[in-house]
There are 2 protein chains.
Amino acid sequence: MSDKRTRLVEAAADLAHRRGFRETSLAEIAEAAQVPLGNVYYYFKTKDALAEALIERWLEEMRAARAAWEAAGGPVERLEACIDVAARGREAVARSGSPVGGLCTELGKSGGPLAEKAKALFREQLDWIEVQLHALGGGAEAPALAIHLLSGLQGASVLAHAQGDPALVVYEAEMLKAWVRRLPQRLRAQA
Amino acid sequence: MSDKRTRLVEAAADLAHRRGFRETSLAEIAEAAQVPLGNVYYYFKTKDALAEALIERWLEEMRAARAAWEAAGGPVERLEACIDVAARGREAVARSGSPVGGLCTELGKSGGPLAEKAKALFREQLDWIEVQLHALGGGAEAPALAIHLLSGLQGASVLAHAQGDPALVVYEAEMLKAWVRRLPQRLRAQA
DNA sequence: GTCTATACCGAGATAGAC
DNA sequence: GTCTATCTCGGTATAGAC
């Protein structure tokens with residue numbers, strides 16, 4: 001149906017990642033998507049409506065990613081697969097940071113309904129990690145452990161971006177994977 | 001001398017933290033600082049020049065903070081003091097994220113000389129943490145361990161901000177402090 | 001050194017022909 | 001449904017009186 005709508009969201013995702021959503025003009029997005037500026041408003045009533053579609057797109061994307069990680073095997077392998085995504089995207093992360101992290105940070109400062117919508121991005125991710133940790137015997141500590149894992153990934157993205165150094169994500173990814181692998185025995189010892 | 005200059009930087013720091021630097025207009029900053037808009041340009045040739053002063057201000061602030069932490073005792077206590085800053089500022093972090101993290105992320109996407117200047121913020125902080133870890137026997141692993149610590153703090157700020165939940169920083173701060181306390185024996189066991 | 005008024009531009013958004 | 005031309009506003013920056 002509307003191939004153009006998809007192209008617009010795609011272009012917005014790319015530009016918002018590299019330069020920030022507010023910093024990117026609709027004219028730039030329209031050009032990148034090969035759609036005339038005036039036509040953008042046929043698909044999105046306002047720029048914020050486009051941001052909403054952007055969030056939706058990332059929600060889908062991440063759900064698909066999680067579905068793929070679930071095929072990786074047990075909880076440990078699944079979490080390792082999740083961590084590996086950051087490591088494999090290190091070059092882009094060093095250039096522009098985490099796409100979802102950047103979006104949430106930016107929209108969080110605007111406040112309003114967009115900030116509310118964006119919450120789901122990390123919420124769903126944290127929930128999924130928590131499920132894996134429960135399966136590892138995390139019990140009541142699972143929430144805090146999930147936060148630790150996602151914090152590490154997001155923080156490493158922030159640092160790598162700020163320093164322009166892909167190696168930082170790799171270091172942290174290795175550290176977190178080792179932590180995940182040791183987690184089962186640590187949780188058993190504690191119980 | 002120029003009390004107004006200080007007020008402008010102070011106001012810029014506050015507004016940039018809460019709403020983002022690019023998102024904040026000079027008019028808002030001027031008003032918050034009780035300085036007429038036109039007068040801003042007597043102190044700063046451009047808006048970017050104000051951003052530069054902002055970075056400078058944070059560099060000073062963080063140097064002062066580190067000096068204070070060094071009075072806390074040994075390396076473990078120093079690092080705990082560092083971690084506690086995030087925990088104590090949890091309300092502001094949940095509202096607006098990490099001030100330096102947000103600034104670095106934003107300026108990092110603009111690129112140019114400001115992004116370069118901002119690198120020093122995390123660079124100095126990482127160096128200081130590394131020194132403490134060396135004192136704990138971190139050896140060749142000190143850099144990766146430093147990244148892990150700062151990643152956790154920055155990532156927790158991102159998550160807490162996105163979710164609007166101060167508790168997230170507290171969880172991660174506790175986890176990191178426990179990690180720091182156990183570090184000496186883990187490093188000894190490894191050697 | 002200080003402040004008012006304003007130039008200028010780029011942004012989001014709209015009108016209306018096709 | 002599609003696109004061009006344009007409106008309007010808010011932003012940075014400047015001119016120039018005091």
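Proteins come first, then strands; the chains are lettered A, B, ... in the order of their sequence lines, and each starts at number 1.
- Counting only residues at least two apart or in different chains, ring-ring contact (aromatic ring centres under 6.0 Å, His included) contacts with residues 80-100 of chain A are absent.
- Under a hydrophobic-cluster definition in which Ile, Leu, Val, Met, Phe, Trp and Tyr are linked whenever side-chain heavy atoms come within less than 4.5 Å, directly or via other members, B/Leu150 and B/Trp69 are assigned to the same cluster.
- Between B/Glu31 atom CD and C/dC3 atom P there is a gap of 15 Å when expressed in whole angstrom units.
- Not counting sequence neighbours, the partners of A/Arg78 by the side chain to side chain contact (heavy atoms under 4.5 Å, CB included) test are A/Glu70, A/Trp128, A/Gln132.
- As a whole-Å value, the separation of A/Lys47 NZ from D/dC9 C1' is 15 Å.
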Distance-only check: which donor-acceptor pairs under 3.5 Å involve side-chain atoms of residues 92-121 of chain B, not counting sequence neighbours?
residue: B/Ser98; atom: OG; partner: B/Gly101; partner atom: N; Å: 3.0
residue: B/Ser98; atom: OG; partner: B/Gln154; partner atom: NE2; Å: 3.4
residue: B/Thr105; atom: OG1; partner: B/Gly101; partner atom: O; Å: 2.9
residue: B/Glu106; atom: OE1; partner: B/Phe21; partner atom: N; Å: 2.9
residue: B/Glu106; atom: OE2; partner: B/Phe21; partner atom: N; Å: 3.1
residue: B/Glu106; atom: OE2; partner: B/Arg22; partner atom: N; Å: 2.8
residue: B/Lys109; atom: NZ; partner: A/His17; partner atom: O; Å: 2.8
residue: B/Lys109; atom: NZ; partner: A/Ser96; partner atom: O; Å: 3.4
residue: B/Ser110; atom: OG; partner: B/Arg22; partner atom: NH2; Å: 3.2
residue: B/Ser110; atom: OG; partner: B/Glu106; partner atom: O; Å: 3.3
residue: B/Glu116; atom: OE2; partner: B/Lys119; partner atom: NZ; Å: 3.1

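- Distance NZ (B/Lys4) to P (C/dG1): 11 Å, rounded to an integer number of Å.
- Taking atom CZ of B/Arg7 as the reference point, atom P of C/dT2 lies 10 Å away to the nearest angstrom.
- Distance CG (A/Asp3) to P (D/dG1): 14 Å, rounded to an integer number of Å.
- Heavy-atom distances under 4.0 Å link DNA chain C to B/Gly38, B/Asn39, B/Tyr42, B/Tyr43 of residues 37-45 of chain B, given in residue order.
- The side chain of B/Ser25 lies closest to D/dG11, out of D/dG11, D/dT4, C/dT4.
- Between the CD1 atom of B/Ile29 and the P atom of D/dG11 there is a distance of 11 Å, given to the nearest Å.
- Look at CG on B/Leu26: it is 7 Å from P on D/dA13, rounded to the nearest Å.
- Listed by first and then second residue, the salt bridge (charged side-chain N to carboxylate O under 4.0 Å, His left out) pairs that reach into residues 157-178 of chain A are A/Asp84-A/Lys177, A/Glu174-A/Lys177, sequence neighbours excluded.
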Side-chain polar contacts of residues 178-191 of chain A - donor-acceptor pairs under 3.5 angstrom, sequence neighbours left out - could you list them?
residue: A/Arg181; atom: NH1; partner: A/Glu80; partner atom: OE2; Å: 2.6
residue: A/Gln190; atom: NE2; partner: A/Glu141; partner atom: OE2; Å: 2.5

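- Rounded to a whole Å, the CG atom of A/Leu8 is 13 Å from the C1' atom of D/dT2.
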